[in-house]
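Quick notes on the structure that follows.
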Amino acid sequence: MSNFLLSQILIGFAICFDMMSFQFKDRKKIVLCFFCASILIGVHFALLEQYTAAGLVLITAVRFLTSIFTTSKKVMSLFLVSYTVVTIATYAGFLSLLTYGASMFSSVASFCKDDKFLRQLMLISTIIWVVHNYYANSPAAVLMEILFICSNSIGYYRHYIKPKKVQASPSEIKS
């Protein structure tokens, strides 16, 4: 089996975690799904020899796991610095910059206490990843990010836009 085919299969498994993530309201469950998907995505990028993306996404996996336990801005800053160092060390042009930008947005998102803002920042990050994955020649990863945008949008609608049903008072029910 070629590295390309194996990388695309790994993205298939990552898609499952991404699709589940935004259907949860609980921030910790959302972030745990991101952790699992990130491990698979990082290996996917290593197989495609996209080393900046592989390095940043594997750091992202650790960041997601860490953010389950803390939303400390100091801890977040350590991850932002580590992204900068890895990007400089593995810099390979425009794709490295896209990876860096997407990682920065998702890092800030994962340390948000508010899942609504988390979802908004993840949307920005995901749009950048769509562009990156297109130019990195990973069709399954492009599909994954598009599905992620859809899942995020559905979850956002369900939790924040969908009008709440007004409950009738007992006196209104008797009439």
Side-chain angles (χ1 to χ4, degrees), residues 1 3-72 75-76 78-80 82-83 86-87 90 98-134 136 138-156 158-159:
M1 179 180 313
N3 282 353
F4 176 78
L5 182 58
L6 182 55
S7 76
Q8 301 306 287
I9 291 169
L10 290 175
I11 288 299
F13 287 111
I15 286 171
C16 295
F17 285 105
D18 278 347
M19 294 309 296
M20 288 187 304
S21 66
F22 282 120
Q23 298 317 307
F24 294 112
K25 174 97 170 101
D26 181 60
R27 186 189 158 286
K28 288 183 180 181
K29 289 178 183 173
I30 294 169
V31 174
L32 188 58
C33 285
F34 292 161
F35 167 76
C36 295
S38 293
I39 296 292
L40 296 167
I41 296 165
V43 174
H44 150 267
F45 281 127
L47 290 168
L48 294 178
E49 299 179 1
Q50 295 293 321
Y51 299 116
T52 303
L56 296 188
V57 172
L58 291 173
I59 292 170
T60 295
V62 174
R63 184 201 73 216
F64 280 131
L65 194 58
T66 302
S67 72
I68 289 173
F69 304 103
T70 181
T71 55
S72 164
V75 173
M76 178 187 74
L78 293 174
F79 284 102
L80 297 178
S82 69
Y83 287 139
V86 170
T87 299
T90 61
L98 287 174
T99 303
Y100 180 72
S103 297
M104 296 298 270
F105 276 107
S106 68
S107 186
V108 173
S110 67
F111 284 92
C112 287
K113 292 179 184 175
D114 175 23
D115 74 291
K116 183 176 182 180
F117 192 50
L118 178 150
R119 293 168 192 273
Q120 293 166 346
L121 291 174
M122 289 304 291
L123 179 62
I124 295 167
S125 173
T126 306
I127 291 168
I128 297 169
W129 277 116
V130 168
V131 175
H132 172 275
N133 294 342
Y134 174 81
S138 181
V142 170
L143 174 64
M144 175 188 66
E145 299 299 349
I146 290 170
L147 291 172
F148 190 82
I149 290 169
C150 292
S151 179
N152 183 0
S153 298
I154 290 166
Y156 192 89
R158 284 179 51 229
H159 297 299

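Sequential numbering from 1 along the given sequence is applied to the chain's residues. On a predicted model such as this, the values are computed, not experimentally measured, just so you know.
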Item to complete: Apply the test side chain to side chain contact (heavy atoms under 4.5 Å, CB included) to residues Met144 and Ile41: give CA-CA distance (whole Å), side-chain angles for both, the deciding distance (0.1 Å), then the verdict.
Response: CA-CA 10 Å; Met144 175 188 66; Ile41 296 165; 3.6 Å; yes
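The closest donor-acceptor contact from the side chain of Asn152 to the backbone of Arg119 lies under 3.5 Å. Here the side chain of Ser110 pairs a donor or acceptor atom with the backbone of Ser107 at under 3.5 angstrom. Side-chain N or O atoms of Ser125 include one that pairs as donor or acceptor with a backbone N or O of Ala102 at under 3.5 Å. Distance alone, capped at 3.5 Å, places no donor-acceptor pair between the Ser151 side chain and the Phe148 backbone.
Open room surrounds OH on Tyr134; 12 or fewer heavy atoms of other groups in view lie less than 6.0 Å from it. Other residues, nucleotides and ligands contribute at most 12 non-hydrogen atoms within 6.0 Å of the CZ atom of Phe105.
Side chains of Leu48 and His44 form a contact here, defined as non-hydrogen atoms less than 4.5 Å apart. Inter-residue side-chain proximity for Trp129 and Thr99 is flagged as met; some heavy-atom pair is nearer than 4.5 Å. Residues Leu10 and Leu47 meet the side-chain proximity criterion, which asks for heavy atoms closer than 4.5 Å. Annotation: side chain of Leu58 is not in contact with side chain of Phe45 (no heavy-atom distance under 4.5 Å). Counting only heavy atoms from C-beta outward, the side chains of Tyr100 and Thr52 never approach each other to under 4.5 Å. In this structure the side chain of Asn133 never reaches within 4.5 angstrom of the side chain of Ile11, judged on heavy atoms.
Expressed to the nearest 0.5 Å, how far OH of Tyr156 lies from CG of Leu123 amounts to 9.5 Å. For the atom pair Met104 CE and Ile124 CD1, the distance stands at 13.5 Å (nearest 0.5 Å).
Of all non-hydrogen atoms in Leu98 and Val131, the two that sit nearest each other are CD1-CG1, 3.9 Å. A pairwise comparison of heavy atoms in Cys112 and Leu121 identifies SG-CD1, 3.9 Å as the closest pair.
When Phe35, Phe34, Phe17 are each tested for a ring pair (Phe, Tyr, Trp, His ring centres under 6.0 Å) with Phe64, only one passes: Phe34.
Judged by distance alone, the side chains of Thr60 and Tyr83 do bring a donor and an acceptor atom under 3.5 Å apart.
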